[in-house]
Amino acid sequence: MAKITLTFPDGNTRAFPAGVTAAEVAQSISTSLGKKAISASVDGRHHDLQWPIEADAAIAIHTMADDAPALELIRHDLAHVMARAVQEIWPDVKVTIGPVIENGWYYDFDRKEPFTPDDLGAIEKKMREIINRRDPVTTEVWDRDRAIRYYEAQNEPYKVELVQAIPEDQQIRMYWHGHWQDLCRGPHFQHTGQLPADAFKLMKVAGAYWRGDSNRPQLQRIYGVAFRNRDDLKAYLTFLEEAEKRDHRRLGREMELFHFQEEAPGMVFWHPNGWTIYRALEDYMRRRLTAAGYKEIKTPQVVDRKLWEASGHWDKYRENMYITEIDEEHANEKRVNALKPMNCPCHVQVFNQGIKSYRDLPLRLAEFGSCHRYEAHGALHGLMRVRGFTQDDAHIFCTEDQIADECARFIGLLSTIYRDTGFAKFDIKLSTRPDVRIGTDEQWDKAEAALEKAILTVRNDYVVDPGEGAFYGPKLDFKLTDAIGREWQCGTFQADFQLPERLDATYVGQDGAKHRPVMLHRAILGSFERFLGILIENYAGKLPFWLAPRQVVVASIVSDADAYVAEVTAALTAAGVRAEADTRNEKINYKVREHSLGKVPVILAIGQREVEERTVTIRRLGETRTAVGALDQVVSDLAAEAVPPDLR
RNA sequence: GCUGCCGUAGCUCAGUGGUAGAGCACUCCCUUGGUAAGGGAGAGGUCGUGAGUUCAAUCCUCACCGGCAGCACCA
């Protein structure tokens, strides 16, 4: 029998007969490893222990102590166990697919009646029962026809389709959990008893399309989460509760920031508190952009369809555009207009006024552009996905040679703004040319290289997403990570060879001839609405002092202090601090509680003592400790704290 | 847009085929209290909208609107 050589993680090698399984390898090392082994990585591929190894390879045996492999197996096997449980309870339900996802898995079923929350409990119970049966998990390699015939006989049409979709050169593997079987490439545990019966939970049911295609049947999806042990599961459930407490829709109501109502779905009604945050952010952005060489402009909301036809939006984006018509009774001519869904065509109009010289480039036109897009009902989500929003948009008109430098400047600006708003960590993704595109290969080569070079001026780690660029040019996406580890794509930088062409933007070059500028679309926050939603959730409503809508509440303890409270409040206001007086007829406990819940960063308590000594007692949000300070000192300290980061 | 669930006071929610209730918030009164809810009284709702069934609908049915979750979408 042929021999193969396996290399272990510590560098040792050993010979085994070809076709040896990882289980046998583990067993040969030690009986205890044989028992503890759950799976193996063979040349970096994760396989189950029954997988025969036919050639020389690097091998690593995994046990439950190995986080990633253990979790993959747990979630993967639980998906099968759940499918089996469902079919044991409802034999006529058809199974489809059940992949592992972040924190768990899901499985899609074809069933007339949707699952109810009560069903989930019954399924969970059945799953525990199956786990306790400790059925062995075995695997068989079948040929294609047999698998198709089998699934046709079982009346599992989705599985037939899946088998048919498996590439010719791939094995078709069947896994058996006792008498129940599923099509799967593995890897799996050796028996279901290895699954932690107390570390998983079925979370929710939802509709999902077969193969993600909205034209195909809608299936019933059940989501589950699973971890290695009960404590990890509990920690995850606690995390979910935390995330729910941070929900900006809830905080928006509690802190009186904004509201939505039926008459304008997906459009924000900003309240004084919320609008104060918005303006603090907008003022900050305006200063940063001005300092970075941008010129701010403002362009119309309602624009004739002719421009959208010229820009190509009428063809490609009309479904998402709000179209308006002038009331025919009053209008002499009938014009069809659209609310702008994007600012770019209008910015080109500004560029096109007068004759531009190469000396004018790069020209950076910025607009806090108010846009409207008709988003599907199901897509709306608080401030995160709205129909009316304002982009921190800008378009840079430049030459191809200037792309790299402009991109580097942009990344520098973006880093500064993310740092100032509290997001130290962000990732960059470069999306390169798609199959269907415009522009020459030389242009793409140059633009892609320029973006890549620009990234390298600030950092050396980034992800390339080949083929995912827009048809009109390559792009960078910037994803920031919030306080609880969630990622949000906010910034974008896109080179565009098309729009200047379509809208005939030109400049006069050094040679006296007309040239086509490149247009760079770029945003840092994305939309103010969404970014504020992210900020609120990131800080759980406890915004940094410079962004807090009410920075200080001056609260009286006794009504004799009212006059002094007014004086303190006025002094703070004069010093540029957003301060409010609270002289209501309530106890200090009540006021402290209310303003703490309202996330006011600083409460100044004023009683008889403070009046006599001309001091204030400071209490900061989240602290129970208080400190006493002289009025003038405290006012100047708070005024310094209120200065936005770019003015410090 | 699709599937499911939901819509009762400003908020969180209970409730019933015979036109409604709690807590908090709100208003007024008492209370001047030292760091996360002092006490009392009062006011407040066309039960999302429209149609149908019924002697009678907030409750049952249907449609629409809106919300939530997931999916699809995010040139």
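Predicted, not measured: the structure shown is a model, and the values here were computed from it.
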- So does A:Thr626 reach the base of B:G34 with its side chain, donor to acceptor, closer than 3.5 Å? no

- Task: Give a yes or no on whether a donor-acceptor pair under 3.5 Å exists between the nucleobase atoms of B:C2, that is its base, and the side chain of A:Gln218.
- Result: yes

Can you tell me the distance, in whole Å, between the [atom1] atom of [X] and the [atom2] atom of [N]?
{"X": "A:Arg385", "N": "B:G67", "atom1": "CZ", "atom2": "C1'", "value": "17 Å"}
{"X": "A:His271", "N": "B:G10", "atom1": "NE2", "atom2": "C1'", "value": "10 Å"}
{"X": "A:Tyr209", "N": "B:A72", "atom1": "OH", "atom2": "C1'", "value": "5 Å"}
{"X": "A:Asp110", "N": "B:C71", "atom1": "CG", "atom2": "C1'", "value": "15 Å"}
{"X": "A:Gln220", "N": "B:A69", "atom1": "CD", "atom2": "P", "value": "18 Å"}
{"X": "A:His248", "N": "B:G67", "atom1": "NE2", "atom2": "C1'", "value": "13 Å"}
{"X": "A:Ile603", "N": "B:U35", "atom1": "CD1", "atom2": "P", "value": "13 Å"}
{"X": "A:Glu613", "N": "B:G34", "atom1": "CD", "atom2": "C1'", "value": "13 Å"}

- Message: Could you tell me if A:Arg253 sits above the aromatic ring of A:Phe258, with its cationic atom closer than 6.0 Å to the ring centre and no more than 45 degrees from the axis?
- Response: no

- Report yes or no: is the cationic atom of A:Lys316 (NZ for Lys, CZ for Arg) under 6.0 Å from the centre of the six-membered ring of A:Phe471, at an angle within 45° of the ring normal? yes

Rounded distance in Å between the [atom1] positions of [N] and [M]:
{"N": "B:G17", "M": "B:C60", "atom1": "C1'", "answer": "8 Å"}
{"N": "B:A22", "M": "B:G44", "atom1": "P", "answer": "13 Å"}
{"N": "B:G23", "M": "B:U19", "atom1": "C1'", "answer": "24 Å"}
{"N": "B:C59", "M": "B:U16", "atom1": "P", "answer": "13 Å"}
{"N": "B:G7", "M": "B:C64", "atom1": "C1'", "answer": "14 Å"}
{"N": "B:U12", "M": "B:G42", "atom1": "C1'", "answer": "22 Å"}
{"N": "B:C28", "M": "B:A57", "atom1": "C1'", "answer": "38 Å"}
{"N": "B:G39", "M": "B:A25", "atom1": "P", "answer": "10 Å"}

- Query: Going 5' to 3' along nucleotides 36-48 of chain B, which nucleotides have protein heavy atoms under 4.0 Å from the base (write B), which only from the sugar-phosphate (write S), and which from neither (write -)?
  - Reply: BBS----------

Looking at [X], does any N or O in its side chain come under 4.0 Å of the phosphate oxygens OP1/OP2 on [N]?
{"X": "A:Arg249", "N": "B:C68", "answer": "yes"}
{"X": "A:Arg437", "N": "B:A75", "answer": "no"}
{"X": "A:Arg253", "N": "B:U12", "answer": "yes"}
{"X": "A:Tyr223", "N": "B:C71", "answer": "yes"}
{"X": "A:His381", "N": "B:A69", "answer": "yes"}

What nucleic acid atoms does [X] come within less than 4.0 Å of, heavy atoms only: base, sugar-phosphate, or nothing?
{"X": "A:Ser556", "answer": "nothing"}
{"X": "A:Glu263", "answer": "nothing"}
{"X": "A:Gln261", "answer": "nothing"}

- dist A:Tyr106:OH -> A:Thr96:OG1 (nearest 0.5 Å) comes out at 8.5 Å

- Close aromatic pair by centroid cut-off 6.0 Å: A:Phe410 and A:Phe478: yes

- Message: For the aromatic rings, using the six-membered ring if either is Trp, is the centroid distance between A:Trp270 and A:Phe528 under 6.0 Å?
- Response: no

For the side chain of [X], counting heavy atoms from C-beta on, which of [options] is nearest?
{"X": "A:Lys204", "options": "B:U32, B:A75, B:G70", "result": "B:G70"}
{"X": "A:Gln608", "options": "B:G34, B:A72, B:G67", "result": "B:G34"}
{"X": "A:Ala605", "options": "B:A75, B:G34, B:U35", "result": "B:U35"}

- Task: Kindly write out the residues that satisfy ring-ring contact (aromatic ring centres under 6.0 Å, His included) with A:Trp314, not counting sequence neighbours, or none if the list is empty.
- Result: none

- For A:Phe269, ring-ring contact (aromatic ring centres under 6.0 Å, His included) partners two or more places apart: A:His259

- Query: What is the minimum heavy-atom distance between A:Leu621 and A:Val600, and which atoms define it?
  - Reply: CB-O, 3.5 Å

- Task: Could you tell me which non-hydrogen atom of A:His595 sits nearest to which non-hydrogen atom of A:Ile603, and how far apart they are?
- Result: CB-CD1, 3.8 Å

- Item | For A:Asp110, side-chain hydrogen bond (donor to acceptor under 3.5 Å, both in side chains) partners two or more places apart | A:Tyr158

- A:Arg614: salt bridge (charged side-chain N to carboxylate O under 4.0 Å, His left out) partners, not counting sequence neighbours: A:Glu567

- Item | Of A:Gly212 and A:Gly378, the one whose closest RNA chain B nucleotide lies more 5' | A:Gly378

- Task: Using the closest heavy atom to pick a nucleotide of RNA chain B for each, name whichever of A:Val558 or A:Ala208 lands nearer the 5' end.
- Result: A:Val558

- Task: Using both pair distances under 3.5 Å as the test, note the stems of at least 3 consecutive Watson-Crick or G-U pairs that include RNA chain B.
- Result: B:1-7 with B:65-71, B:10-13 with B:21-24, B:26-30 with B:38-42, B:48-52 with B:60-64

- Message: Within the 3.5 Å criterion, strictly below it, is a donor on A:Gln349 or A:Thr299 matched to an acceptor on the partner's side chain?
- Response: no

